[in-house]
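Structure first, then comments.
We number each residue from 1, following the sequence as shown. Counting starts at 1 for both ligands and their atoms, in listed order.
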Amino acid sequence: LKTIPLRLGLRSYDIIVGYGITPGLGRFLKRLKLGSDAYIITNTSLKARFGPSVANSLKKSGRNVRFKVVPDTEESKSMAVASLVINDLASYDRLKRVFIIALGGGVIGDLAGFVASVYKRGIPYIQVPTSLLAQIDSAIGGKTGVDLEKGKNLVGAFYQPRLVFADVKLLKSLSRRQVSAGLAEAIKYAVIKDKQLFSFLEKNLSGLLALNPKPLEFVVARCASLKAAIVSKDEREARGIRTVLNFGHTLGHAIEAAGRFKAYNHGEAVGLGMLAAMEISVALGLTDEGALRRVEALIQRAGLPVRIKGVSPSRIVACHYHDKKFVGKRNLFVLSCGIGKTKIVKSLPLEVILRAVRKRIQSPTL
Ligand SMILES: NC(=O)c1ccc[n+]([C@@H]2O[C@H](COP(=O)([O-])OP(=O)(O)OC[C@H]3O[C@@H](n4cnc5c(N)ncnc54)[C@H](O)[C@@H]3O)[C@@H](O)[C@H]2O)c1
Ligand SMILES: [Zn+2]
């Protein structure tokens with residue numbers, strides 16, 4: 001079991017990573033001086049799978065438990081579902097001792113964190129991430145929110161949890177596609193910050209795909225501490241430090257949107273976005289072809305696509321201008337200066353982006 005502190009003054013909290021640690025959750029909560037009533041937001045299948053062990057652990061430590069299930073789709077990240085949850089929460093919260101537990105992947109985590117941030121101007125919440133992506137990324141750092149018709153994550157708040165409790169044993173039931181999607185984010189951390197992690201991923205990829213506890217626990221803990229370090233230096237992405245986490249995401253989001261969120265899931269699109277960013281980095285002379293090939297090989301071995309199919313380059317470039325992080329038409333890219341190092345570049349010319357995207361398109365003859 002590893003404890004990774006995320007230091008943010010009065011809002012500091014721990015990230016716990018371990019294998020088979022769920023029965024001990026209640027004990028961890030004791031130290032946090034939370035209320036007596038746990039409100040667990042989850043979905044039907046995750047409730048069936050993990051609800052009993054989470055509830056037992058909480059009950060043993062003297063808490064009352066109420067579950068709230070929401071649909072298992074991105075649509076749960078909406079104002080409509082948030083509003084239903086908040087009203088239900090208000091009816092449960094008679095004794096004013098309620099706190100929230102997010103039991104699920106990034107969708108549940110973002111929704112539950114958002115509800116916690118606005119209900120009574122903020123009540124405590126705990127992240128119990130169940131997907132690889134959530135354990136290494138979305139549950140950490142306090143970005144909460146829901147989507148609007150106009151775009152993803154447009155309504156939300158920075159609101160930190162009181163604890164992140166990642167039991168890698170829960171990942172056993174993930175589909176292969178979800179595991180690969182999580183690995184895309186792990187590869188991202190390695191490319192931007194950690195050459196040694198990159199080599200570890202190269203050496204242990206098959207073990208990770210098989211969800212072997214040892215390499216999995218190592219990677220989750222390593223990625224969590226990389227994210228914790230970045231967030232504690234730049235919680236609100238105001239100092240250009242947290243920005244590096246967007247590596248592969250500028251074009252990744254555009255590829256996701258251009259594929260109408262159906263062609264590729266987030267991790268797959270980020271994998272392709274990282275490769276496009278590597279192409280740009282090579283074209284600008286920031287890194288060499290060798291680094292690009294290493295990243296490509298790892299992404300491919302992780303079971304992720306390395307060529308864009310069925311989405312046109314012009315549509316991707318058009319979508320990339322909708323990025324909420326751009327000011328006006330000034331784009332912003334995190335590029336690679338070799339594995340472990342980055343450079344942020346603003347206002348990249350359109351031709352450079354288009355050329356890089358074209359290089360990643362699956363040619364019809366292949
Ligand atoms: N807040 C942040 O910093 C941040 C960062 C990255 C992504 N996100 C958000 O996270 C969301 C994506 O998260 P995700 O990839 O976890 O998707 P998700 O929450 O939709 O989970 C993916 C699927 O896996 C299932 N699942 C989860 N845990 C499981 C388990 N242990 N066993 C079996 N099935 C399981 C879910 O029910 C779902 O069907 C997006 O909405 C994205 O915007 C947020
Ligand atoms: Zn991401």
Ligand 1 to Ser138, heavy atom cutoff 4.0 Å, flagged ligand atoms 1 (N), 2 (C), 3 (O), 4 (C), 5 (C), 6 (C), 7 (C), 8 (N), 44 (C)

Should Glu351 and Arg358 count as an ion pair when the cut-off is N to O under 4.0 Å? no

Option whose closest heavy atom lies nearest to atom 35 (C) of ligand 1, chosen from Val179, Leu171, Leu174, Leu245: Leu174

Would you verify that at least one protein heavy atom lies under 4.0 Å from atom 6 (C) of ligand 1, or report that none does? yes

For Glu74, atoms of ligand 1 separated by under 4.0 Å from a heavy atom: 40 (C), 41 (O)

If I compare all heavy atoms of Leu226 with all of Tyr189, which pair ends up nearest, and what's the gap? CD1-CB, 3.8 Å

I need the nearest protein heavy-atom contact for atom 21 (O) of ligand 1: residue, atom name and distance, please. Gly105 CA, 4.3 Å

Could you tell me the residue and atom name of the protein heavy atom closest to atom 36 (C) of ligand 1, and the distance to it rounded to 0.1 Å? Asp72 OD1, 3.6 Å

Do any of the N/O/S atoms of Glu185, backbone or side chain, fall under 2.8 Å from the Zn ion (ligand 2)? yes

Which residue is it: Val85, Val65, Ile101, Asn64? I am looking for the one with a side-chain contact (heavy atoms from CB on, under 4.5 Å) to Tyr39. Val85

Do me a favour and list the nearest non-hydrogen protein atom to atom 16 (O) of ligand 1 with residue, atom name and distance? Ser131 OG, 2.6 Å

Starting from the C-alpha separation in whole Å, work towards a yes-or-no answer on side chain to side chain contact (heavy atoms under 4.5 Å, CB included) for Ile126 and Ile100. CA-CA 6 Å; Ile126 309 295; Ile100 290 176; over 6 Å; no

Hey, are Arg63 and Asp37 close enough for a salt bridge, meaning a charged N less than 4.0 Å from a carboxylate O? no

Can you tell me which residue and heavy atom of the protein come closest to atom 44 (C) of ligand 1, and the distance to 0.1 Å? Asp110 OD2, 3.1 Å

Closest approach of any protein heavy atom to atom 15 (O) of ligand 1, naming residue and atom: Leu133 CD2, 3.7 Å

Phe247 ring center near Phe333 ring center (under 6.0 Å): no

Distance-only N or O hit between ligand 1 and Val107, under 3.5 Å: yes

Looking at Lys152 and Glu74, is there a salt bridge between them, counting it only when a charged N and a carboxylate O are closer than 4.0 Å? yes

Is any NZ, NE, NH1 or NH2 atom of the basic residue among Glu237 and Lys143 found under 4.0 Å from an Asp or Glu carboxylate oxygen of the other? yes

Please list the nearest protein heavy atom to atom 14 (P) of ligand 1 with its residue and the distance rounded to 0.1 Å. Gly106 N, 3.5 Å

Mark yes or no: Arg222 above the aromatic ring of Phe218, with NZ or CZ under 6.0 Å from the six-membered ring centre and no more than 45 degrees from the axis. no

One finds that the ligand 1 atoms under 4.0 Å from a non-hydrogen atom of Asn153 are 43 (O)

Glu235 and Arg11 ion-paired at < 4.0 Å: yes

Identify, for atom 32 (N) of ligand 1, the protein heavy atom at the shortest distance, and state residue, atom and that distance. Ser173 OG, 2.7 Å

Is the count of non-hydrogen atoms from other residues, nucleotides or ligands lying under 6.0 Å from Gln196 atom CD greater than 12? no

Min heavy-atom dist Lys227 to ligand 1 below 4.0 Å: yes

Looking only at heavy atoms, is any part of Lys143 under 4.0 Å from ligand 1, and if so is it the side chain, the backbone, or both, or is it neither? both

What do we get for Thr73 next to ligand 1 when only non-hydrogen atoms under 4.0 Å count, side chain, backbone, both or neither? neither

Within a distance under 4.0 Å of any heavy atom of Leu170, pick out the atoms of ligand 1 and give their elements. 30 (C), 31 (N)

Which of the ligand 1 atoms, numbered from 1, are nearer than 4.0 Å to a heavy atom of Lys77: 9 (C), 40 (C), 41 (O), 42 (C), 43 (O)

Are His266 and His249 close enough that their ring centres sit under 6.0 Å apart? yes

Proximity of Phe99 and Tyr125 rings by center, below 6.0 Å: no

Can you find a non-hydrogen atom of Lys172 under 4.0 Å from ligand 1? no

Nearest to atom 27 (C) of ligand 1, what protein heavy atom do you find, and at what distance? Thr130 OG1, 3.4 Å

Which of the atoms in ligand 1, numbered in the order shown and given with their element, are less than 4.0 Å from a heavy-atom of Lys152? 40 (C), 41 (O), 42 (C), 43 (O)

Residues Arg355, Glu279; criterion salt bridge (charged side-chain N to carboxylate O under 4.0 Å, His left out); working and verdict: CA-CA 9 Å; Arg355 215 173 297 136; Glu279 296 279 5; over 6 Å; no

Which atoms of ligand 1 have any heavy atom of Asn43 under 4.0 Å away? 37 (O)

For the Zn ion (ligand 2), the nearest N/O/S atom on His249 is atom NE2

